[in-house]
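Indexing begins at 1, ligand by ligand and atom by atom, following the structure's order.
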Amino acid sequence: MEFMLDTINIEKIRYYQSILPLSGVTSNPSIIKKERKIDLFAHFKEIKQLIGKASLHVQVVGETAEEILADAQVIMDHLGKDIFIKVPVNEPGLAAIKQLKAKGVNVTATAIYSEMQGYLAIAAGADYVAPYYNRMENLNIDAVAIIKALAMEIERTQSQTKILAASFKNVAQVNQACRQGAHSITASPDIFAQVFGMPSIHRAVTDFKKDWEETFGVKDVKALEESEQ
Ligand code: G3P
C-alpha cells in the first residue's frame, strides 16, 4: 500500500514525512490556493527536496489538449521529468494523457467520478487513476463499487496502472478504498491525525507507561540500564 499526502503545506509535509512511510505528495489548484499566493515552482522544489524519492503530483490547468500538454512541459521544465502530471479525465484530458504516455511522461489521471473514466484512463496507460471517494459519495455514486471495478479491470488486463484513491473526509472511507483494492491513497494531514488521535491509543500508551514506572521506578529502558550500573 502506498500512502501519499494531499497537501503542499511545507510544515505538514515535513512533520508527516518523518512519521509516515510516505510514497508521495499530491496537489491540485484548490490545495495550492490554501497556501495563498506562493512562489509556485520554488515551493514545489522545496517539497521535492523534502520528500526525496517519493513522487510529486502536480496538476495542469489548461482546458484544451494543447494547453494541457504545454502546462505539462512547463511543469517538467521546472521540476524535472520524474514529476507526475495530474490530468483531469475529460475529453481534452484523455487526449493529452494519450500523448503524454506516448512520450513516456508520468501521468496521474484525476477527477474520476465514474467507472468508465477509470477504464479509459487505464487503457490510455495512466500510471495512476484517482477516483474521488468522498465527492462520489456526495453524489450518491457507489465509490466502493467503482474502486472494486477498477481494481478488477487492472487485474484482468494485467495493467501497470495503480489506483490512487483520493478525496477522503474520514478514516473509514480510506479503509474501504484499501479493502476494495486501491494500491495507493492520498489524504490530507487531518486524516492521518485522525488515525493516531484515538483516545484508546493514548490511554493504552499511558497505562503501559504507568505500569512500567510502577514496576521499575524509572522512566524508560535506558534509565533502567543506567540504574543497574
Ligand atoms: O486529490 C484530489 C482530492 O484533493 C480532492 O479532494 O477533498 O477536494 O474532495 P477533495
Side-chain angles (χ1 to χ4, degrees), residues 1-13 16-17 20 22-36 38 40 43-44 47-48 50-51 54-63 68 71-72 75 79 83-90 93-94 96-97 100 106-115 117-118 120-122 126-147 150-151 161-178 180-195:
M1 193 68 200
E2 295 178 4
F3 294 94
M4 303 200 194
L5 277 170
D6 209 15
T7 182
I8 63 157
N9 182 282
I10 299 282
E11 289 319 307
K12 297 269 170 64
I13 293 171
Y16 277 109
Q17 199 266 346
L20 300 174
L22 189 68
S23 293
V25 166
T26 55
S27 64
N28 63 36
S30 307
I31 287 171
I32 291 170
K33 187 181 172 194
K34 286 185 193 156
E35 299 305 304
R36 301 181 189 278
I38 50 171
L40 189 69
H43 192 98
F44 275 125
I47 292 175
K48 257 191 111 181
L50 255 179
I51 64 176
S55 58
L56 179 59
H57 304 244
V58 179
Q59 191 158 329
V60 294
V61 284
E63 290 179 88
I68 291 170
D71 279 359
I75 293 168
L79 300 173
I83 215 81
F84 282 75
I85 305 292
K86 274 182 84 180
V87 184
V89 184
N90 55 12
L94 192 60
I97 290 171
L100 289 169
N106 298 324
V107 172
T108 300
T110 194
I112 292 181
Y113 291 80
S114 72
E115 254 173 83
Q117 276 178 295
L120 289 165
I122 292 165
D127 299 276
Y128 288 96
V129 287
Y132 279 4
Y133 198 107
N134 189 65
R135 292 191 193 202
M136 285 195 277
E137 284 206 333
N138 288 345
L139 293 167
N140 202 24
I141 297 170
D142 189 344
V144 163
I146 291 199
I147 293 174
L150 296 181
T161 305
K162 292 179 184 172
I163 298 170
L164 170 57
S167 177
F168 293 111
K169 289 293 164 279
N170 59 60
V171 179
Q173 292 177 332
V174 177
N175 289 340
Q176 271 295 356
C178 296
Q180 302 312 318
H183 308 86
S184 337
I185 65 97
T186 185
S188 71
D190 293 352
I191 298 286
F192 291 104
Q194 281 177 32
V195 173

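- Between Asp142 and Met136 there is no side-chain heavy-atom pair separated by less than 4.5 Å.
- Lys169 NZ, 2.8 Å is the protein heavy atom nearest to atom 7 (O) of ligand 1.
- Inter-residue side-chain proximity for Ile47 and Leu56 is flagged as met; some heavy-atom pair is nearer than 4.5 Å.
- The proximity of Asn28 to ligand 1, defined as any non-hydrogen pair under 4.0 Å, is limited to the side chain.
- Of all protein heavy atoms, the one lying nearest to atom 4 (O) of ligand 1 is Asp6 OD2, 2.6 Å.
- For ligand 1, one of its N or O atoms has an N or O atom of Ser167 under 3.5 Å away.
- The proximity of Tyr132 to ligand 1, defined as any non-hydrogen pair under 4.0 Å, is limited to the side chain.
- Of the protein's heavy atoms, Arg135 NH2, 2.6 Å lies nearest to atom 8 (O) of ligand 1.
- Taking every non-hydrogen atom of Ile31 and a distance limit under 4.0 Å, the qualifying atoms of ligand 1 come out as 4 (O).
- Taking the six-membered ring where tryptophan is involved, the planes of Tyr113 and Tyr132 are perpendicular, since the angle between them exceeds 60° and thus also 30°.
- Taking a cut-off of under 4.0 Å to the non-hydrogen atoms of Lys86, the atoms of ligand 1 that pass are 1 (O).
- Between Asn170 and Gln194 there is a side-chain heavy-atom pair separated by less than 4.5 Å.
- Residues Tyr133 and Gln180 form no side-chain contact, since every pair of their non-hydrogen atoms from C-beta on lies 4.5 Å or further apart.
- Applying the side-chain hydrogen bond (donor to acceptor under 3.5 Å, both in side chains) test between His57 and each of Thr26, Thr108, Asp127 identifies Thr108 as the sole match.
- Below 4.0 Å from some heavy atom of Ala166 lie the following atoms of ligand 1, by number and element: 1 (O), 2 (C).
- Applying the 6.0 Å contact sphere to NZ of Lys12 captures no more than 12 heavy atoms from other residues, nucleotides or ligands.
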